[in-house]
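To start, the structure itself, in structure tokens.
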Amino acid sequence: SSSSSGSNDGLSSAGRAALALLCAQGLPAAAFVALDLGRLPPKRQAEARKSLTRTAERLIDSKTRIFFPQNASEVGTMLWSVANLRRRKVLWRDRRAHLLAEHMHFEPAEADGALSMGTLSITGFVRGRGLDVNRLVALPGAGAFRLLRVEGAHHALMEQTQQPGSSRRAATGKGNSDSTMVSAVLAEPDADLQEPLAMDVPLDPMAGEQTWPTDEELQESAFSAAAGRQHHALSHLAGEDGEQDPGLHVPDSSSMVRVPKGWSAYQAAWIVDSGDEGEDAAAAGEAATGEAAAGAAGAVAPMQRDKARESKGSDPEDEDDDDDADDEYQTMMSDLKVLGLEQDDETAPDDADGVPRPKHVTFRDAEGGAAHEADDEYEWVSVAGGAAADKARSYDQQLDMDEEDTALRRFRERAARDEVDFPDEVDTPRQQAARVRFARYRGLQSFRNSPWDPKENLPLDYARIFQFENFERTRKRAMKDDDSENLIEAGTYVTLVVADVPTAYAQQLLASQRPLAVFSLRKHENRMSVVHFKLKTVAGWDQPIKSKEELIFWTGLRSFSTRPIFSQLTMNEKNKFERFLQPNTPSAATVYAPVHYPPAPLLVFKRTGEQQAELVATGSVLAVTPDRMVIKRIRLSGHPFKINKRSAVIRYMFFTPEDIRWFKPVELCTKYGRRGHIKESLGTHGHMKCTFDGQLKAEDTVLMNLYKRVYPKWAYADTSLLQTQVHVPVPSAPAVSGHDPAAMVE
């Protein structure tokens with residue numbers, strides 16, 4: 001660029017953008033020349049030399065040399081230095097066969113009355129490794145295509161090097177200049193050895209089904225199930241410690257009242273206990289065995305009817321629940337027969353919902369005596385009695401709900417101000433149960449050391465991708481030279497005939513008059529998998545980039561649009577999810593994309609207009625594996641209400657006792673470093689008593705960390721940048737900011 005440019009570093013905007021893009025993808029050995037230095041005043045020439053030298057060292061490296069030729073002697077010295085310049089290879093480019101198009105010609109092919117596809121002929125020198133005609137070739141922005149054939153071509157420079165009188169086998173080439181002529185076909189693909197064009201695995205909904213078990217497994221399962229059912233039935237009738245199992249539907253006289261069916265809890269509360277009822281209760285206690293059996297049967301049958309009614313118009317999962325309930329009912333009946341109790345066959349006809357209703361269920365012992373008869377006209381109704389209910393009601397009466405709502409509003413306003421420092425904190429919804437809202441989350445004792453199976457609960461998109469048993473071994477094998485007999489050596493001037501190229505892309509390519517680089521893909525490089533990139537935002541870009549926001553990735557071989565998810569750049573199996581790409585901090589981006597063998601560069605663009613895009617980040621390929629887990633963390637926050645020496649009453653983390661019991665096993669922590677656990681629920685408004693390893697401070701905040709695994713969106717689409725104007729933020733980013741240059745060049 002001209003040294004008389006008005007910018008501080010001596011580069012024009014176009015030169016700065018070109019240099020930034022070249023450095024980001026790996027710059028080979030280069031010499032920089034500054035012209036028109038003589039137009040500056042003599043006093044400013046020395047200052048301009050120092051400024052341009054510092055710019056070259058900052059953007060490239062400290063060994064970069066810049067020339068300032070002003071006469072013929074200095075031009076000769078510059079050319080001698082360039083001729084003796086030590087070459088520096090770009091690894092990702094030189095390890096693949098590639099071709100820089102010098103001439104292109106397109107012939108549309110008519111199919112079904114439309115010219116949507118055609119044949120694209122590309123002429124140029126084979127560079128890098130040898131070209132295998134059976135491999136796919138990648139056209140940036142269009143995808144991967146097969147070769148119809150490879151034809152030899154002659155160039156004007158090659159004619160000058162021929163010996164006098166040598167024969168030339170040539171034929172007129174279509175779409176080429178006069179200096180280029182096509183010769184015989186050098187290679188044609190073998191249909192049995194060609195790489196397939198299919199990128200993903202056809203989705204099979206039945207692929208996850210289990211195989212049919214063997215006879216031995218069936219016998220072992222039946223024996224274990226029978227023994228388990230007998231033990232389960234015995235433990236229901238009499239607990240292992242000789243006491244009644246609390247899981248049975250046995251009414252507690254202090255909180256349950258036996259009333260006619262249809263009575264509400266309010267009506268049942270008006271029933272006054274009498275001596276007769278007390279005697280009935282005592283008699284019921286003496287017949288514990290028969291009562292327990294009747295309660296077990298009576299608890300299952302109504303559950304069947306309720307589930308059957310609710311399943312009308314619901315999804316198939318609810319219907320599966322009905323089938324499970326019916327199986328449990330039949331299993332209970334068989335278990336009671338095993339214990340010596342029989343059931344009369346007198347049952348009522350089926351309901352409209354198809355569930356049989358027992359009319360009179362009478363259990364008899366082995367001698368045929370009646371043990372208990374269940375009366376369908378009565379049922380047990382809770383009247384919110386008992387010590388636990390009285391304790392909760394007493395605690396609630398001491399609360400001022402207006403003060404609770406006001407304090408909650410102030411607490412969440414303070415949490416909103418702390419969003420920058422604590423971005424993972426979320427508010428527990430009051431209208432929805434926390435155990436439902438956060439059902440996919442789990443607690444971890446240690447984010448780094450706690451186990452997490454990378455194969456559990458995978459999304460359906462994982463059935464469409466490819467996974468390698470040993471990716472590094474596959475990469476090494478794919479990068480070796482091919483042993484194909486039709487391998488075309490590097491340096492050969494050829495014409496590639498590419499099949500089934502979209503007409504719109506070819507017309508756009510020819511009209512743009514931009515250079516085209518065609519790469520031959522290595523084995524498996526057209527297979528879809530989970531690809532992880534390491535990247536960093538460029539200097540000058542200060543706008544947030546949210547996870548799953550649409551971006552354009554350029555990897556040298558391909559350019560495609562996708563929606564990446566960002567995570568911390570670590571070497572652990574579990575990596576923390578980041579909602580935004582942090583500026584000036586190396587991060588990892590995870591996408592569904594074709595396999596890329598590292599090293600490979602990455603340029604990330606964001607569209608700022610219909611035909612405009614801006615460079616926002618640079619980087620390189622990190623790994624190709626579906627097992628690298630991206631874990632999202634949320635933090636449920638609570639506030640101390642009453643503080644004791646080793647315990648405290650916490651509020652605002654949950655709002656129902658059921659949610660407190662659900663999350664009780666998860667460990668608690670505070671912003672000041674205390675750790676603790678939930679002990680019990682207090683009242684019915686979400687207060688809970690917690691124990692800690694020390695006394696809390698009044699300004700401390702109690703947190704509960706919950707985690708879930710997140711996956712990228714399947715949003716891969718080949719995207720062309722031929723008609724897109726690319727901008728680079730000012731100041732431009734040096735090459736070392738996005739990736740390690742040592743991984744790109746040699």
Side-chain angles (χ1 to χ4, degrees), residues 14 17-18 21-22 25 93 96-127 131 133 135-157 170-183 185-186 197 488 492-521 526 552 554-561 603 605 607 609-613 717-726:
L21 296 175
L22 289 173
Q25 62 178 300
R93 188 187 64 184
R96 297 174 177 85
H98 59 280
L99 180 146
L100 182 62
E102 297 184 6
H103 306 283
M104 290 182 291
H105 177 70
F106 180 73
E107 292 184 358
E110 184 175 357
D112 298 332
L115 302 177
S116 59
M117 297 288 182
T119 301
L120 181 64
S121 300
I122 306 172
T123 304
F125 285 97
V126 177
R127 305 167 186 264
L131 177 66
V133 70
R135 298 282 183 243
L136 302 177
V137 294
L139 300 180
F145 300 90
R146 284 180 170 177
L147 292 176
L148 284 180
R149 59 187 177 275
V150 179
E151 300 175 348
H154 287 276
H155 195 272
L157 295 178
T172 303
K174 297 181 180 180
N176 297 325
S177 64
D178 296 338
S179 62
T180 305
M181 289 176 286
V182 179
S183 64
V185 175
L186 297 181
L197 288 172
I488 300 173
T492 307
Y493 196 67
V494 298
T495 297
L496 305 182
V497 183
V498 186
D500 299 332
V501 178
T503 302
Y505 174 80
Q507 293 176 351
Q508 182 181 5
L509 180 64
L510 295 175
S512 65
Q513 297 295 326
R514 292 188 177 183
L516 173 68
V518 182
F519 284 86
S520 176
L521 299 180
N526 197 43
I552 300 176
W554 186 91
T555 60
L557 308 179
R558 304 174 181 266
S559 63
F560 55 90
S561 61
L603 302 180
F605 300 92
R607 288 201 179 274
E610 185 177 354
Q611 294 183 352
Q612 293 183 349
D718 291 298
T719 303
S720 175
L721 295 173
L722 293 176
Q723 296 182 350
T724 303
Q725 186 69 29
V726 176

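These numbers come from a predicted model, not from an experiment. Just so you know, these numbers use all the heavy atoms, side chains as well, and skip hydrogens, waters and symmetry mates.
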From [atom1] ([X]) to [atom2] ([Y]), nearest 0.5 Å:
X	Y	atom1	atom2	value
Asp718	Leu139	CG	CG	10.0 Å
Leu516	Leu120	CG	CG	7.5 Å
Met104	Leu509	CE	CG	4.0 Å
Gln25	Thr555	CD	OG1	10.5 Å

Student check: side-chain heavy atoms of [X] and [Y] closer than 4.5 Å:
X	Y	result
Leu147	Val498	yes
Leu131	Leu496	yes
Arg149	Val497	yes
Leu197	Phe145	no
Leu99	Arg127	no

Quick check against the 3.5 Å criterion: does [X] have a side-chain atom that pairs as donor or acceptor with the backbone of [Y]?
X	Y	value
Thr492	Val126	no
Arg514	Leu722	yes
His98	Ala517	no
Ser559	Thr719	yes

Handout entry: Side-chain H-bond candidate by donor/acceptor type, Asn526 with Arg558, under 3.5 Å
Key = yes
Exercise for the section: Write out all pairs satisfying ring pair (Phe, Tyr, Trp, His ring centres under 6.0 Å) with one or both partners inside residues 495-514, taking only residues at least two apart or from two chains. Expected result: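 Listed once each, the pairs would be none.
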Exercise for the section: Applying salt bridge (Lys or Arg N to Asp or Glu O under 4.0 Å), name anything that partners Arg607, two or more places apart in sequence or on another chain. Expected result: none
